[in-house]
Amino acid sequence: MFLVIARFAYRIKNPVSKLIIIYIVGFALLYFLHILLLYAAPGLLTFFLNIKDLSFGTVIGVTMFRSLLLLVLTLAVPLFLRRKETVNIPKDTNDANYCRQLAVTFQDKTMLINVIEIAFFNLENGILYICLFNGNRYILNMPLEKLEKKLNPQQFFRANRQYIVNADAIIAVKNEQSRKLSLITNPETHNQIIISKAKAPVFLKWWKK
C-alpha cells in the first residue's frame with residue numbers, strides 16, 4: 001500500500017504538500033479498511049487494532065496513529081531502495097586513488113607501463129596480457145579481479161571474464177543477438193569482446209559518460 005502512495009507522492013515537488021497528501025491518503029485508506037472491518041468482522045478488527053473498545057473515536061485515534069507510521073514507511077522505503085541501487089557505485093573515482101603505472105617484465109627487464117597507454121587487458125589461457133594503443137603486448141603477473149580494483153572505473157570497464165577495456169579504445173558498439181553487445185576497438189582484439197545482455201545497460205551508461 002505504501003509503495004503505491006510513495007510512487008504517487010514522490011511526483012509532487014513541494015515537500016509540505018507531499019507530506020500532507022501522503023498522510024491524508026494513508027488515513028483515508030486505513031479508515032476505510034477499519035470501518036469495513038468494523039461492520040463485516042468486528043472480531044478481526046479488534047485483533048488487527050489491538051483494542052478492546054470498538055467505538056468510532058477509538059478507531060479514528062488508532063487510524064491517525066497508524067497513518068503516521070504509514071507516512072514514515074512511505075518516506076523511508078524509496079530512500080532505502082535508492083541507497084540499495086547505488087551501493088556498488090564507487091564513492092571516490094578520483095584518478096589519484098587508482099593505479100597510474102603497472103610493472104611488467106620484458107626480456108629480463110622490468111618496465112613501468114603508464115595505465116593511460118593501455119587499450120585493454122585480456123586473459124588468454126590463464127595468462128593476463130596488456131595491450132597498448134601502439135599495439136605492443138606484455139604479460140602482467142596479476143589476477144584480473146585484483147587488477148580491476150586498481151583501475152579507475154570511470155576509464156576502464158570489465159566487459160566480461162576475459163577483457164577489461166579502456167573507454168578511449170572503444171570506437172564503436174555493435175548490437176548482437178539476444179540483446180548482447182560487441183565492441184569494436186582500436187587496436188583490434190584477437191577475440192570479439194562481447195557484453196552480456198545483463199551488463200549491456202550498465203556498459204552503455206558508462207560509455208556514454
Side-chain angles (χ1 to χ4, degrees), residues 3-4 6-11 77-107 109-209:
L3 285 175
V4 177
R7 180 177 296 182
F8 169 76
Y10 267 80
R11 296 178 181 177
V77 168
L79 294 176
F80 172 78
L81 294 177
R82 187 180 302 174
R83 180 182 179 184
K84 186 177 180 179
E85 290 176 355
T86 58
V87 67
N88 292 325
I89 298 177
K91 294 182 178 180
D92 191 350
T93 54
N94 189 338
D95 189 59
N97 296 318
Y98 296 95
C99 180
R100 293 186 177 184
Q101 292 182 320
L102 291 171
V104 299
T105 301
F106 180 70
Q107 296 180 350
K109 296 179 182 179
T110 300
M111 302 171 53
L112 290 177
I113 304 295
N114 293 324
V115 171
I116 59 174
E117 299 176 8
I118 301 173
F120 54 83
F121 304 84
N122 81 292
L123 189 65
E124 295 182 13
N125 300 320
I127 301 175
L128 181 59
Y129 292 92
I130 291 177
C131 182
L132 306 186
F133 283 101
N134 62 13
N136 292 340
R137 296 180 75 205
Y138 302 97
I139 295 176
L140 180 65
N141 295 318
M142 183 183 299
L144 197 63
E145 289 72 19
K146 183 178 180 180
L147 171 65
E148 182 181 4
K149 297 177 181 179
K150 292 179 174 289
L151 301 174
N152 189 338
Q154 289 186 345
Q155 190 65 34
F156 289 89
F157 187 85
R158 177 73 179 269
N160 48 45
R161 295 181 179 179
Q162 289 77 37
Y163 283 92
I164 296 178
V165 61
N166 189 331
D168 295 335
I170 303 170
I171 59 177
V173 177
K174 182 180 178 181
N175 293 319
E176 300 290 346
Q177 294 181 349
S178 302
R179 298 183 182 180
K180 295 180 181 179
L181 302 174
S182 63
L183 306 185
I184 301 174
T185 61
N186 184 23
E188 296 181 355
T189 58
H190 293 290
N191 301 310
Q192 194 176 31
I193 302 179
I194 297 295
I195 305 292
S196 67
K197 173 184 174 181
K199 190 174 283 189
V202 179
F203 167 78
L204 291 174
K205 183 178 180 181
W206 168 82
W207 188 50
K208 290 178 181 179
K209 287 183 178 181

In Å, rounded to the nearest 0.5 Å, how long is the span from CE of M111 to OG1 of T105? 10.0 Å

Decide yes or no for L102 and L147: does some side-chain heavy atom of the first lie under 4.5 Å from some side-chain heavy atom of the second? yes

Expected output: side-chain N160 to main-chain I194 donor-acceptor under 3.5 Å: yes

Test I113 against N136 for side chain to side chain contact (heavy atoms under 4.5 Å, CB included), laying out the working first. CA-CA 11 Å; I113 304 295; N136 292 340; over 6 Å; no

So which atom in E124 and which in Y129 form the shortest heavy-atom distance, rounded to 0.1 Å? CB-CE1, 4.0 Å

If you define the side chain from C-beta out and look only at heavy atoms, does anything of F133 sit under 4.5 Å from P187? yes

For K174, enumerate each residue passing the side chain to side chain contact (heavy atoms under 4.5 Å, CB included) test, keeping only those at least two apart in sequence or located in another chain. E176, S182

Return the CG to CD1 distance between N141 and I127, rounded to the nearest 0.5 Å. 9.5 Å

Side chains of E117 and N134: is there a donor and an acceptor less than 3.5 Å apart? no

For a side chain to side chain contact (heavy atoms under 4.5 Å, CB included) check, start with the C-alpha distance between I139 and L128, then their side-chain angles and the critical distance, and finish with the verdict. CA-CA 6 Å; I139 295 176; L128 181 59; over 6 Å; no

Residue pair I118 / L151, side-chain heavy-atom distance below 4.5 Å: no

Restricting to non-hydrogen atoms, name the atom on L140 and the atom on A103 that form the minimum distance, rounded to 0.1 Å. CD1-O, 3.5 Å

Any side-chain heavy atom of L183 sitting closer than 4.5 Å to one from Y163? no

What's the separation between atom NZ in K208 and atom CZ in F203, rounded to the nearest 0.5 Å? 10.0 Å

Interatomic distance, CG@N114 vs CG@L132, rounded to 0.5 Å, equals 9.5 Å

Are Q162 and I193 side-chain neighbours, meaning at least one heavy-atom pair lies under 4.5 Å? no

Distance, nearest 0.5 Å, that separates CD1 of I195 from NZ of K180: 11.0 Å

Residues that E188 engages under salt bridge (Lys or Arg N to Asp or Glu O under 4.0 Å), provided they are two or more places apart: none

Among all residues two or more places apart in sequence or in another chain, which pass the ring-ring contact (aromatic ring centres under 6.0 Å, His included) test with F106? Y138

Partner of E145 by salt bridge (Lys or Arg N to Asp or Glu O under 4.0 Å), out of R158, K150, R161: R158

Quick one: closest heavy-atom pair of N166 and V115, and the distance? ND2-O, 4.4 Å

When you look at CZ of R179, are more than 12 heavy atoms from neighbouring residues, nucleotides or ligands closer to it than 6.0 Å? no

Go through it in stages, so that I can follow the logic: the residues are W207 and F157, the test is side chain to side chain contact (heavy atoms under 4.5 Å, CB included), and I'd like the CA-CA distance, side-chain angles, deciding distance and then a yes or no. CA-CA 9 Å; W207 188 50; F157 187 85; over 6 Å; no

Where do Y98 and F156 land on the side chain to side chain contact (heavy atoms under 4.5 Å, CB included) test, with the steps shown first? CA-CA 11 Å; Y98 296 95; F156 289 89; over 6 Å; no

Pairwise side-chain contact, N122 with T189, heavy-atom cut-off 4.5 Å (strictly under): no

Measuring from I184:CD1 to I170:CD1, what's the distance to the nearest 0.5 Å? 11.0 Å

